[in-house]
Amino acid sequence: MSPANVLVLGGGLTGLSAAFHLARQLPRAANITLLESAPRLGGWVRSDRLELEDGEGGRGSVLLEAGPRTLRPNSPALLELVNLLGLKDELVTVPKTAPAARNRYLYLPPLTLLPSTLLSALLTPFTPALRPLLPAILREPLRRANRPQGLEDESVDGFFTRRFGAEFARRFASALVHGVYAADARELSVRAAFPSLWAAEERGRGSVLLGLRAAGREPAEDVSGYDVGDVGEAVEGVSVFSFREGVEAIPRAMEGYLEKQGNVRILKRAAVLSVYADEGDFKVPSIELPPSASNPTHIISALPFQSLPELLPDPGLPFLIDHSEYSTVLLLNLIFPSFAHPQGFGYLVPRPEGGYGAANDGPGVLGTVFDSVALGEQDTLRGVTKMTMMSGGPYKRRFGEPYLPEFLAALREHLGTSVPDPLYHRFVLQKKCIPTPQLAHTARISQLRQALGERPYAGRLELVGAEVGGVSVGDCVRQGREAAGRVAEMVRRGVDAG
Ligand SMILES: C=Cc1c2[nH]c(c1C)Cc1[nH]c(c(CCC(=O)O)c1C)Cc1[nH]c(c(C)c1CCC(=O)O)Cc1[nH]c(c(C)c1C=C)C2
């Protein structure tokens, strides 16, 4: 049997993970081509080490992240990658007992520590800013079930308003959505964005809190089907982790592995214009592609869904895909001379009372991560404070001319303290970096899956990525692994041409 030709589109985490697992599973039975339009692989993940002086004669380096900075150990697919790529000794871990794990703040104002346990929630009357929110939490389990019959989806804001009241939704749900999707809770689908909350309401017979409590007693995802080696033990009791050289250690190590495989070709600065599906091999017209890649038997696309309607000249699929919306985030990495600030992961800022777009929005800050609290170990320059401010998303501001003093003024206001001028700062604009699933997203994705199972695709075109299976790093690498597994299975069974 001639080898299958598998084309992987997109060299972000999902595409890299797909190519990595394919190469491991089909070392001889497939030619694998990975195509990336950018000059580098890794997608939104980017870690840069910067040499710096502290202004008092001290020299050293700091690690800056332009994308995700911490990873959660609840993803067996991610732990498996750490093991297979030999990254265990590079781990930087944050124990569950550390301030960076326990303390998250909300700018209500003032900056307010969120209770992390039920007991601390009951003590919130001593925190004046949280006092109005406590009754909403205490009443929720007693509130009768109120999901309208037949309701298939609703906005995150609608969901929280129904169970906890409008004020709780504005202050808490909007901040939660800022901290994960950089989006407007009034537009985001709760079923797609927070499936565990939607399921908890069902499990708790109407009460989200009772449902979450029951879910908390269930065992974590089973790692037995994954080759996690001794990484499971290394992350026991760990809240989040990264690596000495940052999250980009993962895509760099995958690229290093792929470069050594004889049946894998990586093409950067290379994009495809269209994909035609017929009963035989796909046709991917491109002057840049070798024949094995321009007539692939299987395609795994990890491209953002926003680029797919142009790529697939098939009226059915783009119709299902075309509803994708994304958040654009303007990120500000800051290095300060060390100064005292609350010790925790960081803080989130809820939606302003008057909504977005008001004159006093300032730079539209969604939240700030106190990087050096969790990941100070990555830096060799001592005596500095590292933070990242995130802005944009639903705030309707221009991104053209970010203005540092505006951000520093916002930070001073949020922290309620004086903040020194930074030793270093950089702005990074991440355009359309997080998908924001709209209402009925889950239903559209099931229709899409069904269409891809039918002819002419018949399972030979996989569409994977944050739009389909979740936005965390663990979700992305799991999807790449699963798509690779399905393709490998088809290739082994000799199903390569419809
Ligand atoms: C202020 C903006 C943002 C912060 N992080 C992100 C944005 C847009 C991006 C982001 N954060 C999370 C994810 C999901 C992936 C994952 O690892 O789970 C993404 C894409 C995780 C997350 N961050 C916060 C919460 C509640 C979650 C969900 C999972 C969890 O409970 O850990 C809160 C949070 N995010 C930011 C801050 C400053 C913050 C809380 C203080 C920054």
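Both ligands and their constituent atoms are indexed starting at 1 by order of listing. Positions are given from 1 along the sequence.
- Applying the side chain to side chain contact (heavy atoms under 4.5 Å, CB included) test between I335 and each of L64, D54, T385 identifies L64 as the sole match.
- Regarding atom 15 (C) of ligand 1, its nearest protein heavy-atom neighbour is S472 CB, 3.3 Å.
- Comment: E255 does not engage R252 in a salt bridge, judged by the lack of any side-chain N to carboxylate O separation of less than 4.0 angstrom.
- Atoms of ligand 1 found under 4.0 Å from any heavy atom of A182 (numbered from 1 in listed order, with element): 8 (C).
- Distances from atom 20 (C) of ligand 1 to the heavy atoms of T388, L366, V180, V329 show the closest one on V180.
- Scanning all protein heavy atoms for the shortest distance to atom 18 (O) of ligand 1 gives R72 NH2, 2.5 Å.
- Under 4.0 angstrom from ligand 1, there are no non-hydrogen atoms of V473.
- Between R162 and E154, at least one side-chain N (NZ, or NE/NH1/NH2) sits under 4.0 Å from a carboxylate O, which counts as a salt bridge.
- Other residues, nucleotides and ligands contribute more than 12 heavy atoms inside 6.0 Å of the CZ atom of R426.
- The closest protein non-hydrogen atom to atom 8 (C) of ligand 1 is H178 O, 3.4 Å.
- With hydrogens left out, the protein atom closest to atom 42 (C) of ligand 1 is V369 CG2, 3.8 Å, a heavy atom.
- Counting only heavy atoms of the protein, atom 37 (C) of ligand 1 lies nearest to L348 CD2, 3.6 Å.
- Looking only at protein heavy atoms, the nearest one to atom 41 (C) of ligand 1 is G346 O, 3.3 Å.
- Within ligand 1, the atoms closer than 4.0 Å to a non-hydrogen atom of L176 are 26 (C), numbered from 1 in the order shown.
- With distances taken over non-hydrogen atoms, the option nearest atom 7 (C) of ligand 1 out of P435, G367, G179 is G179.
- Separation of the Y356 and H178 ring centroids falls under the 6.0 Å cut-off.
- Under the side chain to side chain contact (heavy atoms under 4.5 Å, CB included) rule, K88 has a single partner from V228, V235, D230, which is D230.
- Between F427 and F407, the distance from one ring center to the other falls under 6.0 angstrom.
- The environment of CZ in R205 is sparse: at most 12 heavy-atom neighbours from other residues, nucleotides or ligands sit within 6.0 Å.
- Of all protein heavy atoms, the one lying nearest to atom 25 (C) of ligand 1 is R104 NH1, 3.5 Å.
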